[in-house]
Amino acid sequence: MAATAVTLPCSGTPFPVATTASSSSARRCLFLPSAPPRRALRVVASAATEAPPKATPPPTSPSGIVLVDPSEAQRVHRLKAVYDQKVVPLITEEFGYTNVHQVPKIEKIVVNCGLGADAGNSKGLEAAMKDLAMITGQWPVKTKARKSVASFKIREGNTIGIAVTLRGRIMYNFLDRLINLGLPRTMDFLGVNPNSFDGHGNYSMGLRDQGVFPEIPYEVGGKKNGMDVSIVTSAKTDNEAFRLLTLLGMPFSENIKPDVVIRKKRLKRHHFLSKGKGKGGRR
């Protein structure tokens with residue numbers, strides 16, 4: 001067997017070819033390198049190292065609703081940034097605070113939802129909890145009756161509603177969506193009542209329909225569930241809390257005047273005596 005060198009048309013390097021002479025034809029064997037080139041291995045290795053990591057799915061509730069991602073809960077919300085950059089200097093100058101800790105802030109938001117006739121229905125209770133979880137981004141808890149009321153057919157320990165307490169970034173996220181999405185979509189909305197403070201700097205309001213939030217699908221003829229929203233602040237007076245919520249964008253109504261305290265006339269003893277006792281009148 002004699003070895004000869006041939007040149008391929010696509011490359012100029014010669015490869016050894018083995019030829020065997022036979023009576024009919026010649027056999028040629030082409031020897032190629034078995035190992036792949038190093039350059040190809042480097043490309044594959046670099047592609048494997050530069051591949052982006054797989055994103056972890058956000059947490060889900062027991063019913064399958066996607067809740068707030070913990071990584072996003074650590075970021076500063078835009079309403080919190082507005083509070084730190086704009087609200088704090090304005091309210092400090094207006095009320096003359098000497099310490100940063102005297103500036104009122106929002107501590108928590110409590111959202112309550114009464115179930116009514118759906119309290120004893122497991123499907124209605126689950127649907128209400130799903131809706132409130134989609135609105136707030138946090139799974140609610142069940143509220144139970146503290147004592148039995150026979151006229152309302154309520155026994156002690158029965159589930160009568162659901163509630164959720166929001167803090168941190170989830171609280172600012174819900175307040176931002178309530179001010180900019182929920183309240184403007186309310187039918188015949190003219191502003192919230194400025195007289196709904198409790199005297200200690202806390203504000204409460206009610207919504208008749210949860211469908212004002214875009215997370216709740218609109219159903220023609222469906223049951224409308226309402227909810228109560230309580231905003232707890234660290235303000236010592238209602239005036240400070242009112243100014244804080246106003247600077248954050250709460251649309252208070254200008255047509256509603258503040259409450260006027262009406263002092264009732266103090267009744268004396270003779271007002272309670274019955275008139276016309278005998279002919280002589282009062283005794």
Side-chain angles (χ1 to χ4, degrees), residues 65-68 77-80 82-83 86-87 104 106-119 124-140 143 160-199 201-233 235 238-239 241-259:
I65 298 176
V66 179
L67 302 181
V68 177
H77 194 266
R78 65 174 186 174
L79 196 61
K80 174 64 174 177
V82 170
Y83 171 79
K86 298 181 180 180
V87 177
I106 300 177
E107 295 181 347
K108 63 181 179 179
I109 296 179
V110 182
V111 183
N112 301 309
C113 181
L115 299 178
D118 294 337
L125 175 61
E126 184 179 359
M129 295 183 72
K130 285 184 179 180
D131 293 344
L132 192 59
M134 286 189 295
I135 291 173
T136 60
Q138 184 173 321
W139 190 253
T143 57
I160 57 176
I162 54 179
V164 59
T165 302
L166 306 176
R167 290 184 175 89
R169 187 179 184 277
I170 303 178
M171 173 188 68
Y172 283 102
N173 185 19
F174 173 76
L175 183 61
D176 188 9
R177 291 166 49 250
L178 175 66
I179 295 174
N180 299 316
L181 290 178
L183 295 178
R185 297 181 61 183
T186 305
M187 185 178 297
D188 299 335
F189 179 71
L190 298 177
V192 295
N193 190 356
N195 299 322
S196 297
F197 291 91
D198 62 346
N202 304 321
Y203 184 76
S204 300
M205 58 178 297
L207 294 177
R208 295 184 178 180
D209 186 12
Q210 295 179 353
V212 295
F213 291 93
E215 292 83 5
I216 306 300
Y218 178 77
E219 297 180 0
V220 179
K223 184 180 178 181
K224 298 180 180 180
N225 293 328
M227 62 181 185
D228 299 328
V229 180
S230 299
I231 304 175
V232 181
T233 66
D238 292 345
N239 189 19
F242 175 80
R243 186 57 179 165
L244 171 64
L245 295 179
T246 302
L247 293 176
L248 289 176
M250 182 67 71
F252 288 103
S253 178
E254 299 179 355
N255 299 327
I256 301 178
K257 298 181 180 180
D259 293 335

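Listed by chain and number, the residues in a salt bridge (Lys or Arg N to Asp or Glu O under 4.0 Å) with Asp238 amount to none (sequence neighbours excluded). In this structure, the side chain to side chain donor-acceptor pair (under 3.5 Å) partners of Asp176, at least two apart in sequence or on a different chain, are Arg78, Asn180. Qualifying side-chain contact (heavy atoms from CB on, under 4.5 Å) partners for Thr233, counting only residues two or more places apart in sequence or in other chains: Ile106, Asn202, Ile231, Ala235, Ala241, Leu244. Tyr83 meets the ring-ring contact (aromatic ring centres under 6.0 Å, His included) test with no other residue; sequence neighbours excluded.
Sorted by first then second residue, the salt bridge (charged side-chain N to carboxylate O under 4.0 Å, His left out) pairs that include residues 177-197, not counting sequence neighbours, are Arg177-Glu215.
For the atom pair CD1 of Ile135 and NZ of Lys130, the computed distance is 14.5 Å after rounding to the nearest 0.5 Å. To the nearest 0.5 Å, atom CE of residue Met171 and atom NZ of residue Lys80 are 7.5 Å apart. Distance check, rounded to the nearest 0.5 Å: CD1 of Ile109 to OH of Tyr203 gives 12.5 Å. The CD atom of Gln138 sits 9.5 Å away from the CG atom of Leu132 when rounded to the nearest 0.5 Å. Going from atom CD1 of Ile160 over to atom OG1 of Thr143 covers 5.0 Å, rounded to the nearest 0.5 Å. Here the CG atom belonging to Leu79 is positioned 5.5 Å from the CG atom belonging to Leu175, to the nearest 0.5 angstrom.
In this structure, Phe213 and Gly182 approach most closely via the heavy-atom pair CE2-CA, 4.5 Å. What you find for Ala163 and Asn112 is that their closest heavy atoms are CB-OD1, 3.1 Å. Summarising the geometry of Met250 relative to Ile179, their closest heavy-atom pair is N-CD1, 4.1 Å, with the distance given to 0.1 Å. Nearest approach of Phe197 to Phe242, heavy atoms of both residues: CZ-CA, 3.6 Å. Of all the heavy atoms in Ile170 and Thr136, the pair that sits closest is CG2-O, 3.4 Å. The minimum heavy-atom distance linking Leu115 with Gly161 is given by the pair CG-CA, 3.8 Å.
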(request) Please step through side-chain contact (heavy atoms from CB on, under 4.5 Å) for the pair Met134 and Asp131, ending with a clear verdict. (result) CA-CA 5 Å; Met134 286 189 295; Asp131 293 344; 3.6 Å; yes
(message) Checking Leu247 against Lys86 for the side-chain contact (heavy atoms from CB on, under 4.5 Å) test, could you report, in this order, the C-alpha distance in whole Å, the side-chain angles of both residues, the deciding distance, and whether it holds?
(response) CA-CA 9 Å; Leu247 293 176; Lys86 298 181 180 180; over 6 Å; no
Kindly list each side-chain donor-acceptor pair under 3.5 angstrom involving residues 204-211, sequence neighbours excluded, with atom names and distances?
unit_1	atom_1	unit_2	atom_2	d
Ser204	OG	Ser230	OG	3.4
Asp209	OD1	Gly211	N	2.9

